[in-house]
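The structure appears below as structure tokens.
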Amino acid sequence: MSFQLPPLPYAKNALAPHISEATLEVHHDRHHKKYVDTLNELLEGKPLAKATIEEVIKESASSGKPSPVFNNAAQVWNHTFYWHSMKPKGGGPATGEISKLIDKTFGSHEAFAKDFRKAAETQFGSGWAWLVLDKGQLKVTQTSNADLPLAHGQTALLTIDVWEHAYYLDVQNKRPDYVGRFLDHLLNWDFANEVLQKA
Ligand code: FE
């Protein structure tokens, strides 16, 4: 059983006008698929081919320098997590259980949004910004390339992809516009609450 490309959790035009159908088409059907295909090629006939994606990531992360297996496995996981970090008509202040943690940790939604925005905008080059649980503490972090919280003993709660392929068709080089759309219109607090409950 090889790794599969999971379907998007919504229609390709469901995030428009904030993220266009064209962007989701290229990002999911080509970029995400390519990571899945490459991972399957790299693991063909190897014991890790039968492991879970999390096991592949943890096993390959322990070698220190990011290997092709780590990079592709992490990007498979990161993209699946990113699709769920968004929903149509999302965004705005946190709801549910996590809203209490956001207020306790950051003081307000605005303070959280400022930190998250900064992490997403200042990640130099390709990477990700995250809301994570680190030893029971909420934190905003950023990672480069394929790197992810799981490789650092943290639990991811939300993420935004800040590789250029995530936003270039829609806003070209204006990454801050994309980050604003994510925070104000797309962010999926229901998903963060689900993950938090299982953490
Ligand atoms: Fe991406």
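The figures that follow rest on heavy atoms only: side chains count, while hydrogens, waters and symmetry mates do not. Both counts, for ligands and for their atoms, begin at 1 and track the order of listing.
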- Message: Suppose the criterion is salt bridge (Lys or Arg N to Asp or Glu O under 4.0 Å): which pairs have a residue in residues 75-93, not counting sequence neighbours?
- Response: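 Pairs touching residues 75-93 that pass the test: K87-D190.
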- Tally of protein N, O or S atoms, where distance to the Fe ion (ligand 1) is under 2.8 Å: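 If we list every protein N, O or S atom nearer than 2.8 Å to the Fe ion (ligand 1), we get 4.
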- So, for Y82 and H27, is the gap between ring centers shorter than 6.0 Å?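 Under 6.0 Å, so yes.
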- Message: Under 4.5 Å side-chain heavy-atom separation, chaining through any Ile, Leu, Val, Met, Phe, Trp or Tyr, what else clusters with L169? Say none if it is isolated.
- Response: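 Hydrophobic cluster check, L169: joined to V26.
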Please set out all donor-acceptor pairs under 3.5 angstrom arising from side-chain atoms of residues 13-22, sequence neighbours excluded.
residue	atom	partner	partner atom	Å
S20	OG	T23	N	3.1
S20	OG	T23	OG1	3.2
S20	OG	D170	OD1	2.6

- Task: For the residue pair H165 and H79, categorise the inter-ring angle as parallel (less than 30°), tilted (30 to 60°) or perpendicular (more than 60°).
- Result: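 H165 and H79: tilted rings.
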- Message: Testing the basics here: between W77 and I57, what is the closest heavy-atom pair and its distance to 0.1 Å?
- Response: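 Taking W77 first and I57 second, the nearest heavy atoms are CB-CD1, 3.5 Å.
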